[in-house]
Amino acid sequence: MPAAAAESVSKRFGVTVALDQVSMQVVPGEIHALVGRNGAGKSTLVSLLTGLQAPDAGTVSFDGVPAPPVADRAGWRSRVACVYQKSTVIGELSVAENVFLNRQPRRRGLIGWKAMREQAQELLAAWGVQVEVSQPASALPVEQRQLVEIARALSYGSRFIILDEPTAQLDADAISGLFAKMAALKSQGVTFLFISHHLAEVYQICDTVTVLRDARHVLTAPVSDVSQAQLVAAMTGEATSLLAPPGNRARVERSGVPALKVVELDGLSLEIAAGEIVGLAGSGSSGKMTAAETIVGLRKAASGTVYVGQRKLRPGSVPDALSAGIGFVPQDRHREGLVAGLSVAENATMTVPEKLGRAGFLSAKRRDQLGTEAIEAFDIKASGPEQPVADLSGGNQQKVVMARAMANDPSVLVLLQPTAGVDVRAKETLLAAATQAAARGAGVLIVSDDLDDLRPADRVIVLYKGTIVDEMPRGWHDHTLIAAMEGVTA
Amino acid sequence: NSASPSDSGKPLAGVDFPRSDSDFWNSYIKYVPQEATGLGLELKTTNSENDVAKLTANVQALTSQGVKGVVMAPQDTAAIAPTLSQLKSKNIPVVTVDTRPDVGEVFMVVRADNRAYGTKACEFLGQKLGGAGKVAMLQGDLASINGRDRTEAFNECMKAKFPKIEVFGLATDWKGDVAANKLQTTIAAHPDLKGIYMQAGGVFLAPTLQVLKQKSMLVPPTDAKHVFIVSNDGIPQELKAIAAGEIDATVSQPADLYAKYALFYLKAAIEGKTFQPGATDHQSTIIQVRPGVLEDQLPAPLVTADGAFPGSVKAADPALWGNQIK
Amino acid sequence: MKLARLRDLALIPAIIAIAVVGYLVNPVFLNSENLINVLQQQSEISLLVLAQALVLIAGRMDLSLESTFGLAPGVAAWLVLAPGITHGLGILPPGLAIPVTLAAGVVIGLINGLLIVRFQLNGFIVTLGMLIVLRGLLTGISDGKTFFNLPESMLYLGNAVWIGLPASIWLSLILFTAFIVIAGYTRFGRSLYAIGGNADAARAAGIRTDRVLWTVLILAGLLAALGGLLLTGRLASVAAAQGQGAIFTVFAAAVIGGVSLNGGKGTIFGAFTGILLLYLVQNVLTLGGVPAQWIGALNGAIILIALMLARVTSGRAQE
Amino acid sequence: MKLARLRDLALIPAIIAIAVVGYLVNPVFLNSENLINVLQQQSEISLLVLAQALVLIAGRMDLSLESTFGLAPGVAAWLVLAPGITHGLGILPPGLAIPVTLAAGVVIGLINGLLIVRFQLNGFIVTLGMLIVLRGLLTGISDGKTFFNLPESMLYLGNAVWIGLPASIWLSLILFTAFIVIAGYTRFGRSLYAIGGNADAARAAGIRTDRVLWTVLILAGLLAALGGLLLTGRLASVAAAQGQGAIFTVFAAAVIGGVSLNGGKGTIFGAFTGILLLYLVQNVLTLGGVPAQWIGALNGAIILIALMLARVTSGRAQE
Ligand SMILES: Nc1ncnc2c1ncn2[C@@H]1O[C@H](COP(=O)(O)OP(=O)(O)OP(=O)(O)O)[C@@H](O)[C@H]1O
Ligand SMILES: Nc1ncnc2c1ncn2[C@@H]1O[C@H](COP(=O)(O)OP(=O)(O)OP(=O)(O)O)[C@@H](O)[C@H]1O
Ligand SMILES: [Mg+2]
Ligand SMILES: [Mg+2]
């Protein structure tokens with residue numbers, strides 16, 4: 001009897017068919033991987049399996065028992081716990097309350113705040129989240145918010161847990177911590193449905209894998225029976241090789257005026273030559289994101305200067321950075337990357353109004369044309385340039401953010417976590433776009449927790465507690481980089 | 001409740017103004033301190049902005065300041081009862097202006113009869129129209145008692161005396177733009193409109209004239225197409241408009257007399273004097289409305305250009321308060 | 001929580017400032033009699049503020065409260081009063097006046113819930129429509145006149161004195177205290193914050209968002225009806241305009257008190273300080289004998305200053 | 001975009017329904033004269049709706065517009081009119097009346113901008129405070145009386161007829177058309193949507209959010225002043241209460257017309273259909289001779305029904 005089963009479920013959103021007669025079964029006690037390209041319908045299936053939405057057709061059951069009606073939230077909660085792809089942390093509430101939302105410990109009918117804080121502190125400590133749990137959750141950085149969600153889902157004591165791209169926002173440490181917890185729970189008989197775009201993770205911890213493609217079920221098999229190439233072929237529907245190795249780029253001459261020059265910016269200095277790709281690595285709280293956000297003007301530095309070519313940037317001014325030729329992908333696409341209610345075309349061209357017309361006027365035709373080009377260039381799955389980005393799947397939203405960063409043909413490209421939540425093929429597209437930008441002469445800075453993102457870099461700068469501790473040319477080994485990031489010098 | 005005498009040793013009187021957003025009441029507000037000085041009264045004033053809950057609060061504030069008597073103009077004549085009984089329990093006499101409380105005791109009610117306004121306007125229009133035709137009435141707010149009295153009296157009089165006149169009642173919330181819009185719409189539907197009764201000149205005068213001007217209906221009384229207009233209040237602009245032949249009549253609400261006699265009676269009450277029903281020395285009569293409530297019904301003359309209409313006075317009459325404002 | 005608690009107290013400096021100014025303007029201000037008067041004057045409308053604060057925290061707004069405030073006792077009076085001088089139907093015994101008042105509040109809340117939660121219409125505009133309809137109904141049934149000669153039962157709560165204080169002060173304080181506890185220490189209360197903060201996340205956490213919204217809308221109608229009943233008792237009548245324009249004051253109080261219009265933020269205690277501040281200002285202006293035509297401007301200016309004070313003391317941008 | 005365009009038309013069925021009902025109630029309704037009247041009657045307040053729609057799209061709200069509507073022409077009248085019967089200072093030549101009116105609107109917008117953008121105070125409560133202060137100022141300078149005998153220049157726009165239609169209709173239509181273009185097809189217009197939709201993302205995209213917000217608040221003040229000027233001309237006077245309570249109608253029109261209170265959504269055309277609908281309803285009720293005490297209830301009921309119609313035709317939940 002499957003722990004959870006979907007029987008030919010279908011779901012449409014307007015004209016979009018998100019799921020088309022998909023059936024799948026999750027065997028008790030296994031970790032079941034669900035993979036597929038961005039927009040394949042994975043998250044939609046999750047929302048059906050957790051009762052957030054009712055299927056248009058088909059049924060969902062748990063342990064052979066039909067699922068409760070959508071209105072019965074308590075019924076669903078008792079059967080399945082979930083970490084959703086879209087954050088369900090409520091920013092205004094305290095961290096502790098987010099962990100225990102709707103199941104706060106009570107004494108004589110009233111919530112025991114002290115007990116709750118203690119329990120939350122304890123629970124989160126096990127995940128390495130050492131924060132003051134009485135502060136509002138919105139004060140946490142995105143990784144820690146993600147850990148709060150994971151810790152919460154796993155603490156329900158459910159026998160069936162769904163994790164929708166839990167690792168997209170996490171660094172290596174946190175990911176291995178998560179896997180250890182999952183393994184422990186699995187040994188107690190807990191069943192998982194695990195969604196990730198990192199196929200390595202699928203091979204590392206999953207038993208079975210199901211592939212969705214274009215809203216349809218393609219394959220379910222034991223992980224050991226499918227090779228990575230087969231998996232990618234199933235996802236993309238075409239037999240191709242894996243990621244092309246980024247190695248064979250010509251070496252960049254580091255002479256002349258650098259594309260980007262950072263001088264003593266809150267104590268950090270670095271240079272990026274035109275055509276060069278530089279990676280910036282560091283473990284949690286190394287300050288790499290803060291540094292990158294300061295460079296692009298999202299934050300104001302206390303001291304130091306940034307030059308793009310010869311031009312000195314006004315501190316803390318994004319418009320100045322953009323007009324100097326910086327393009328960037330912010331870390332949190334929901335917060336800073338996208339205006340969800342506006343169309344794909346409008347988001348993709350938001351940084352370049354001057355390209356759309358003169359004297360402050362914008363041509364909708366020109367905008368949609370540029371939008372269509374971006375959709376093609378970045379392989380965005382959207383019904384057209386006029387579709388609101390809110391309706392896109394997470395990975396496709398990320399591609400729109402990338403398109404926006406590239407819209408002004410930047411001479412300096414700064415990418416923060418550029419491939420978070422992006423499928424294998426899309427990752428390839430995005431990194432290829434970065435590489436092409438470099439080939440056209442842009443200096444590229446990639447800041448990421450995902451080592452795969454750093455592979456195309458000519459050199460990787462390692463940050464530890466705000467200072468540069470190491471620099472590695474291309475060809476580094478994962479373990480040496482990780483050691484450097486942890487502050488262990490060779 | 002420390003009944004401290006005022007610093008000057010003069011009796012301390014509390015006056016609550018009902019509202020400060022109409023020309024009529026603002027004239028009243030201006031007269032009150034003048035009259036108080038003349039009568040030798042020390043004043044504490046408040047403004048209840050047409051809100052009876054605020055009036056109650058204001059009266060509480062006045063009594064905590066030790067006033068010896070209160071003048072008020074409750075726009076809601078029913079809701080004031082608890083306040084009156086509170087004041088009575090503290091032996092603080094009350095004079096009400098413009099309205100008569102439905103229940104409770106007051107020393108004196110000083111008012112002109114709002115029903116009489118409506119009736120006067122009706123009789124004037126009825127005669128001028130020769131007993132037939134269409135008339136628009138710009139009403140105030142249904143929830144205002146004065147407005148309602150004028151409306152009811154006007155309607156009853158029309159029904160009884162000029163049954164062939166058709167009346168269109170237009171509720172306006174005392175707002176000029178609403179009045180202009182509804183009047184415009186009514187004229188579109190009834191281009192043969194012959195008369196207008198405006199229940200408040202300060203609010204409706206300019207908008208009405210402007211609508212008529214736009215429709216080229218603003219012609220002198222000698223013209224057959226003339227639309228007869230009766231206004232209400234007696235502010236200077238109305239008197240000017242009458243003189244200019246733009247409107248035909250108004251009912252002069254005695255803002256000055258309201259202030260004068262309210263304070264006069266209050267001072268008398270503080271001094272322990274009493275009054276009896278009967279004629280007064282200022283062309284009015286005191287009547288007993290019910291036990292415990294006397295009412296001095298002040299004259300509110302109809303004003304016309306020449307004073308020829310029976311019972312009316314001339315617009316240029318210097319005794320009108322509207323002609324005394326500087 | 002600590003930050004929230006600090007923000008709760010944001011208005012205290014402003015209230016103290018007003019108290020000092022009030023005393024300087026007129027020493028009567030600090031007399032216990034005057035202060036009790038202020039508390040009583042705000043007690044009825046404070047229930048509207050309480051209701052609105054709950055609805056706002058849950059991420060909605062209910063403009064119709066000001067009309068419920070008048071219509072609920074109005075309907076009761078209409079059904080109970082004998083036809084005659086006072087305009088009424090006289091089809092119900094006087095003893096039913098209070099139940100009918102409260103029931104009217106519940107029914108209005110139900111209608112709001114039906115339109116907002118069930119039919120998913122825009123809450124602002126639904127309740128704005130309801131505001132107009134309900135106000136219109138009161139004008140209609142009362143013919144624009146005031147209901148008076150009300151039955152004793154309707155007058156009791158607005159006039160009774162319990163242990164030296166007017167009953168309406170007690171009721172207001174008790175209800176605020178109860179809802180401070182409910183909002184802060186019960187799952188229902190916390191679910192209001194969760195829904196107001198992020199309704200999808202609240203649903204995902206297993207909160208029955210629809211049911212909570214229904215409850216809070218009905219509760220708001222009930223509180224508004226009770227507030228209207230208290231005022232009716234104090235004024236011994238129901239004016240056709242009862243409550244008209246009150247919603248401005250109610251929003252001002254809630255927002256000055258730190259309740260966010262975007263939902264999920266603010267406390268019941270804060271809302272209480274908000275309405276208290278507004279009434280203290282009114283009282284000081286009245287005692288100060290400010291000329292009638294300048295009261296409005298001063299009143300607004302003081303609200304703005306209180307706001308800036310709150311901004312300075314809480315030290316963060318407001319939403 | 002296509003969906004948005006469809007949603008733009010959501011009120012058209014309701015407007016057609018009103019037109020049919022209106023014709024049945026009184027055939028005069030469809031007379032061109034009557035329709036012109038309606039257009040003229042709504043022209044002044046439609047500028048407030050336009051202003052509010054722009055502010056709402058940018059994710060803010062400006063309640064003070066209703067007071068600007070009265071105060072801006074009021075200040076001009078005060079400065080221009082000779083002291084005497086009409087209360088005025090007479091320190092400026094009559095020719096400056098229009099510039100002063102518009103400047104007053106701009107200054108009010110600047111103050112709002114200062115408090116909201118610069119000092120980051122809560123926009124709702126700032127503009128609520130401003131509403132009260134400005135209303136109070138008008139009462140103060142006018143002594144609560146109406147300004148009469150205005151100079152010709154102030155009367156011109158409200159009364160002139162251009163090519164067979166009142167000038168105020170032309171102005172309203174021209175401004176709406178201009179802002180339909182600006183909102184849809186200019187950098188400034190689109191940045192309003194971006195800021196209203198997600199201010200952080202807009203800032204990260206290089207939009208100077210503060211500058212845009214300043215601009216829109218000043219623009220709103222200016223439009224409100226112009227609207228007030230038109231009404232002043234039409235009524236040949238400035239009442240101390242000019243604009244009072246209008247903000248309700250303004251919000252209702254904008255929201256019924258599909259502009260979201262949460263920012264980033266809605267169109268200028270939608271807002272126009274919203275105010276048109278409300279005035280058509282008023283007109284039909286007046287023509288129908290509905291008894292005064294029931295007008296309010298009917299008016300509200302019709303708004304609610306229009307809302308439901310819009311809900312059904314657009315087929316999605318409203319925010
Ligand atoms: N609320 C919605 N409205 C309209 N379309 C939607 C909505 N939610 C999802 N879709 C569409 O349904 C399809 C499947 O989306 P889904 O989020 O399930 O993809 P996914 O497999 O989870 O992708 P990703 O890996 O990027 O998260 C996409 O084309 C998406 O645009
Ligand atoms: N808005 C903020 N307010 C206060 N502290 C912050 C803020 N943003 C970041 N920090 C702190 O600054 C330090 C550096 O943060 P940053 O996010 O740049 O690190 P990081 O290298 O990205 O780490 P991680 O890998 O965890 O993302 C951390 O200690 C973080 O908690
Ligand atoms: Mg997904
Ligand atoms: Mg970080």
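Residue numbers begin at 1 in each chain, while the letters A, B, ... track the order of the sequences. What you see below is based on every heavy atom in this structure, not just the backbone, and it leaves out hydrogens, waters and symmetry mates.
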Before giving the answer on side chain to side chain contact (heavy atoms under 4.5 Å, CB included), spell out for D:Gln41 and B:Asp177 the whole-Å C-alpha distance, their side-chain angles and the decisive distance to 0.1 Å.
CA-CA 8 Å; D:Gln41 287 159 17; B:Asp177 55 337; over 6 Å; no
Exam field: side chain D:Thr146 to backbone B:Gly202, donor-acceptor pair closer than 3.5 Å:
yes
Counting heavy-atom pairs under 4.5 Å with chain B, the top scorer among D:Asn159, D:Leu138, D:Val161, D:Leu231 is D:Asn159
Test side chain to side chain contact (heavy atoms under 4.5 Å, CB included) applied to B:Gln237 and D:Lys145, step by step:
CA-CA 11 Å; B:Gln237 282 78 16; D:Lys145 295 180 192 163; over 6 Å; no
Determine whether more than 12 heavy atoms belonging to other residues, nucleotides or ligands lie under 6.0 Å from atom NZ of B:Lys54.
yes
Exercise: identify the closest heavy-atom pair between D:Leu287 and B:Ala189:
CD2-CB, 3.6 Å
For the CG atom of D:Asn37 and the CD1 atom of B:Ile187, what is their distance to the nearest 0.5 Å?
9.0 Å
Segment of B:Ile29 engaging chain D (4.5 angstrom heavy-atom cut-off):
neither
Is D:Asn26 close to chain B through its backbone or its side chain, or both, or neither, when contacts mean heavy atoms under 4.5 Å?
side chain
Roughly how far apart are B:Leu209 CG and D:Phe148 CZ, rounded to 0.5 Å?
9.0 Å
Worked verdict on B:Asn181 versus D:Gln42 for side chain to side chain contact (heavy atoms under 4.5 Å, CB included)
CA-CA 9 Å; B:Asn181 294 351; D:Gln42 61 130 43; over 6 Å; no
Counting heavy-atom pairs closer than 4.5 Å to chain B, which one of D:Pro166, D:Ser142, D:Ala236, D:Ser237 comes out on top?
D:Ala236
Please classify the contact between D:Gln242 and chain B as side chain, backbone, both or neither, with a heavy-atom cut-off of under 4.5 Å.
neither
Is it the case that over 12 heavy atoms from other parts of the model lie below 6.0 angstrom from the NZ atom of B:Lys194?
yes
To the closest 0.5 Å, what do you measure between OG1 (D:Thr286) and NZ (B:Lys182)?
4.5 Å
Side chain, backbone, both or neither of B:Lys175 within contact of chain D (heavy atoms, under 4.5 Å)
side chain
Portion of D:Tyr279 that has a non-hydrogen atom of chain B nearer than 4.5 angstrom
side chain
Check whether any side-chain heavy atom of B:Val178 sits under 4.5 Å from a side-chain heavy atom of D:Gln282, and report yes or no.
no
Here the pair of heavy atoms bringing B:Lys30 nearest to D:Asp143 is CD-OD2, 4.4 Å
Which of the residues B:Arg19, B:His190, B:Lys215 is involved in the greatest number of heavy-atom pairs with chain D at under 4.5 angstrom?
B:Lys215
Contact part of B:Gln184 toward chain D, heavy-atom cut-off under 4.5 Å: side chain, backbone, both or neither?
both
Mark yes or no for whether D:Asn34, through its side chain, and B:Ala188, through its backbone, hold a donor-acceptor pair below 3.5 Å.
no
By a 4.5 Å heavy-atom criterion (distance strictly below it), what part of B:Leu205 contacts chain D: side chain, backbone, both, or neither?
side chain
Count the heavy-atom pairs under 4.5 Å between each of D:Ile295, D:Asn283, D:Leu285, D:Thr139 and chain B, then report the option with the highest count.
D:Asn283
How about D:Glu152: does its CD atom have over 12 heavy atoms from other parts shown lying under 6.0 Å from it?
no
